[in-house]
Amino acid sequence: MKIKSIKFWATTLIVLMCIVTMSLFILLSYKNLKESLEQLYKNEAESVLMQTFLSFGYQFLTVENTLEQLSDSLLLLNDYSSSQDEIATMLKEHQKNSIVNGKMMYGLANGEFYRGEYKEIPDSYHPAEQLWYKLAMQNPGEVFWTEPYLDYVTQEIIITASKSVVSPKGTLGVIALDINLQEMSSRISNSKIGEDGFVLLLSSNGTILANRDNHMIGETLFGNQLAKMLKDTEKSYVPYIIHNKDYLVTSQPIVENDMSIVAAISKEEIIRTLINRHQPILAIGLFCLLLFGVIAYFATLRGVRPLKKLGKLMVSVENGNYDVQANVKDYEEIERLANGFNSMILAIKTREDKIKHLASYDSLTGLLNRRSIQELLTESLENDEVDCLKAVIFVDLDNFKTVNDTLGHSFGDKLITQVAKKLDALSSINKDVARISGDEFIVVMHDLESIEQARNVAEEIIRQFDMPITVESRILNVTASVGISLYPIHAITSEELLKLADMAMYEAKSFGKNGYRIFDEGMKQELEGKLKIELGIRECLDKDEFELYFQPLLKTDEGRIASIEALLRIKPSALSSYNTLQIIQVAEMTGQIVEIDKWVLKKACTTIQKINRNREHPVSIAVNISAVHIMQQDFVDNVREIIEESGVCPNWIELEITETSLMKSFDINKQKLEEIQKLGISIHLDDFGTGYSSLSYLNSLPINHVKIDKSFVDVMLQSEKDGKFIETIIELAHTIGLHVVAEGVEHREQFDMLRSYNCEMVQGYYISKPVSYEAINNLLQQEQETLQMRI
């Protein structure tokens with residue numbers, strides 16, 4: 001292995017393994033020391049626990065023996081019919097000579113009460129009412145221990161051991177011994193495990209009876225987990241949190257009275273002790289790590305010095321400087337790396353130049369692209385100190401999609417190239433031209449003196465397309481729509497100017513294309529109005545602020561209402577200032593019309609169920625369906641789901657569609673309507689006569705009714721020709737098996753003529769204007785009386 005080799009120096013860095021070894025040593029010593037400390041504390045805990053267990057066990061055994069002796073003494077006195085004074089004297093003697101530091105009491109079944117030491121007892125104190133008395137009486141001959149309680153006489157926290165005195169003739173009374181909890185705690189005042197560990201005496205229900213310093217007497221630490229804790233800790237150490245501190249807990253039960261002794265080792269103290277004892281090892285380890293680190297640093301520094309030189313060159317390249325050259329003669333590997341670096345820089349520089357060009361220019365036409373024209377315009381606006389007039393001209397070819405669809409995209413690209421040349425050849429010198437998408441171009445005019453100059457450029461662009469364009473021997477008549485925004489008149493930022501020019505271009509298209517429009521506030525207000533309508537539609541759908549009105553359809557031969565049409569209306573809301581037609585148009589543009597259609601259909605199903613509930617002759621309800629909704633893949637599923645969820649009879653539902661909604665994707669839409677008919681729903685063709693349907697289309701459509709547009713009904717009385725036209729439409733529909741509805745009937749003469757032409761149903765103000773649910777319900781109830789009289 002050569003000295004001038006990275007491999008050689010990398011091998012020397014194996015010394016770093018010493019660091020790993022040292023780390024492992026420290027970790028293992030830490031683990032072993034921790035285990036040793038834990039075992040030390042556990043041994044101490046077990047010793048203290050056993051001493052405490054023996055101490056309390058002896059005390060409790062002494063108490064029970066004392067009670068047993070007292071019981072025997074009292075039985076002897078009873079056998080000799082001793083007086084009350086003798087009982088009191090005997091109890092005091094026992095109290096005086098007892099090795100148990102507790103207060104003796106004797107309560108008789110007849111209510112008499114004696115204490116081993118003098119203390120005035122209130123008259124209200126009745127031993128038979130005390131828990132210690134009751135427990136002993138319920139279980140004659142056994143010793144019972146109470147839970148801690150406040151002594152009625154001394155006002156001290158005590159526990160009481162009690163035992164009934166039973167003679168052959170029955171229970172004489174209960175002998176009891178009160179033990180002060182503070183005195184019990186004094187037995188373990190010096191019992192501790194380490195500095196922070198402690199020992200507890202628990203009652204049968206988990207109440208602390210004794211502990212060091214008495215500060216936890218009366219608490220219940222373990223609650224419902226007591227039984228589980230005692231079981232888990234009887235033969236092992238279990239982690240528990242006591243007063244928000246971590247402890248290892250073990251316990252020892254006192255079988256005689258169901259009490260338990262608990263020892264707790266502080267985990268925090270173990271860790272603290274561990275850290276203190278481990279500090280010398282850590283210090284030695286850190287010293288070794290520092291020593292090896294210094295050695296490794298200087299060794300590595302020697303090895304990576306040439307790499308640092310290359311690194312500096314890479315920083316220069318990162319900052320865009322591709323004129324650097326690596327000239328490193330050191331290690332063999334570094335020399336090869338330097339040569340590769342130089343080759344890479346050359347390739348990057350070549351590719352970067354190409355990328356910059358692609359990023360700034362349109363690959364098809366060579367014009368600037370969207371990003372470049374916007375950056376250029378922004379820079380021009382920021383550097384403009386005299387607020388010179390500038391124009392952003394948005395150019396969009398008319399019907400370019402037709403060229404792509406009929407002649408192919410390759411042909412369309414060649415047409416775009418020709419258009420780019422025309423725009424680049426505009427007479428104005430101080431301009432920038434860009435292609436921003438398929439058939440959309442931007443022309444930015446700088447330093448204009450008046451708006452008239454912008455108009456002249458727009459007119460020149462329109463004239464450029466007066467002459468046909470020849471592409472591959474094909475002559476094309478191409479036109480364009482142009483929109484103009486001006487700086488600083490309309491906006492002062494590039495983004496806003498482009499947006500306003502785009503808006504003006506669409507305005508030009510709406511006025512017949514092949515023209516130009518300069519932006520004005522009316523366009524912006526129209527756009528803002530559409531946005532308000534869009535937001536208002538969402539609010540109305542969320543807050544249920546739409547409602548339905550209903551206009552009846554009269555059956556001419558029977559003179560009765562056979563159907564009603566559901567018409568959308570808006571309650572007072574954010575859309576109150578807009579008419580229904582405006583709202584529907586915006587909804588179709590945004591796609592919200594699908595949600596509106598579903599809402600109307602659901603509401604209509606609910607309404608017609610209520611109307612037909614008690615009717616002898618049910619009426620149907622017609623709902624207008626948008627072409628946008630029909631084009632959705634889930635259209636049929638939406639209708640089926642609404643019908644099934646509402647439970648309405650499908651024969652009561654009629655869907656009204658327009659001819660234009662069927663022209664796109666005719667076969668697919670025809671299949672959808674056939675599926676709708678299979679559900680039992682009728683299909684009505686609305687605005688018949690105003691569309692483009694041929695007889696062959698009309699005859700193949702899955703429809704049941706056609707509705708003659710109001711425009712034909714309005715003029716039917718003006719001439720015999722107009723009347724005959726209506727009659728011909730009706731006869732044609734009848735010939736192919738369709739029923740006819742005429743809308744917009746406002747006069748008696750129109751009604752009479754349509755009835756004479758055998759038009760099945762009519763609709764219009766002559767019958768009724770659109771009315772609310774309450775009104776249409778009343779109208780249906782009165783139809784036989786009112787409408788027949790008018791007819």
Side-chain angles (χ1 to χ4, degrees), residues 16-56 185 187-202 206-253 260-293:
L16 291 176
M17 291 298 296
C18 294
I19 298 175
V20 177
T21 305
M22 184 64 67
S23 300
L24 290 174
F25 171 74
I26 291 174
L27 289 174
L28 289 174
S29 65
Y30 179 88
K31 181 181 178 182
N32 292 333
L33 183 56
K34 182 179 179 183
E35 291 176 353
S36 176
L37 280 174
E38 285 185 353
Q39 188 59 45
L40 183 64
Y41 275 92
K42 287 179 180 179
N43 292 339
E44 183 180 355
E46 289 172 3
S47 175
V48 171
L49 183 66
M50 183 54 64
Q51 291 176 10
T52 307
F53 171 75
L54 293 174
S55 175
F56 278 115
S185 293
R187 288 180 171 271
I188 58 172
S189 60
N190 296 321
S191 298
K192 61 179 182 178
I193 305 166
E195 294 296 328
D196 299 334
F198 52 82
V199 179
L200 302 174
L201 175 63
L202 302 183
T207 304
I208 297 175
L209 303 179
N211 75 296
R212 192 177 67 186
D213 301 330
N214 304 325
H215 67 284
M216 288 192 289
I217 289 179
E219 292 188 29
T220 303
L221 294 180
F222 304 101
N224 296 331
Q225 296 181 343
L226 176 64
K228 183 177 184 303
M229 186 276 294
L230 293 176
K231 181 180 179 182
D232 293 344
T233 60
E234 186 173 346
K235 295 182 179 180
S236 63
Y237 288 84
V238 177
Y240 268 89
I241 297 176
I242 301 175
H243 287 177
N244 298 321
K245 293 184 178 180
D246 293 326
Y247 291 90
L248 292 174
V249 177
T250 186
S251 66
Q252 176 70 42
S260 300
I261 300 174
V262 175
I265 303 171
S266 173
K267 293 178 70 175
E268 294 179 4
E269 183 179 349
I270 294 175
I271 294 173
R272 188 167 62 246
T273 305
L274 177 63
I275 292 174
N276 291 335
R277 296 188 181 184
H278 206 256
Q279 283 178 349
I281 299 175
L282 289 175
I284 295 172
L286 289 175
F287 175 76
C288 294
L289 288 177
L290 180 61
L291 179 62
F292 285 118

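- Separation of atoms CD (Glu195) and CZ (Arg272) is listed at 8.0 Å; rounding is to 0.5 Å.
- Among all heavy-atom pairs drawn from Asp196 and Ser266, the shortest one is CB-CB, 3.7 Å.
- Minimum heavy-atom separation, Glu234 to Pro253: OE2-CG, 3.9 Å.
- In this structure, Leu226 and Gly206 approach most closely via the heavy-atom pair CD2-N, 3.2 Å.
- Atoms CD1 and NZ, on Ile241 and Lys267 in that order, are 8.5 Å from each other to the nearest 0.5 Å.
- With sequence neighbours excluded, the residues forming a side chain to side chain donor-acceptor pair (under 3.5 Å) with Gln39 are Asn43, listed by chain and number.
- Taking every heavy atom of both residues into account, Ala264 and Ile193 meet most closely at O-CD1, 3.9 Å.
- A heavy-atom distance below 4.5 Å is found between the side chains of Leu202 and Met229.
- Atom CG of Asn32 has more than 12 neighbouring heavy atoms from other residues, nucleotides or ligands inside a 6.0 Å radius.
- Counting only heavy atoms from C-beta outward, the side chains of Glu269 and Thr273 approach each other to under 4.5 Å.
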* To do: Please lay out, stage by stage, how Gln225 and Tyr240 fare under the test side-chain hydrogen bond (donor to acceptor under 3.5 Å, both in side chains).
  => CA-CA 11 Å; Gln225 296 181 343; Tyr240 268 89; 4.6 Å; no
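- Judged by distance alone, the side chain of Tyr247 and the main-chain N or O of Ile242 form no donor-acceptor pair under 3.5 Å.
- A donor-acceptor pair under 3.5 Å links the side-chain atoms of Thr250 to the main chain of Thr233, judged by distance alone.
- Minimum heavy-atom separation, Thr207 to Thr220: OG1-OG1, 3.6 Å.
- With sequence neighbours excluded, no residue satisfies salt bridge (Lys or Arg N to Asp or Glu O under 4.0 Å) with Lys245.
- In this structure, CG on Leu248 lies 6.5 Å from NZ on Lys42, to the nearest 0.5 angstrom.
- In this structure the side chain of Tyr237 reaches within 4.5 angstrom of the side chain of Glu46, judged on heavy atoms.
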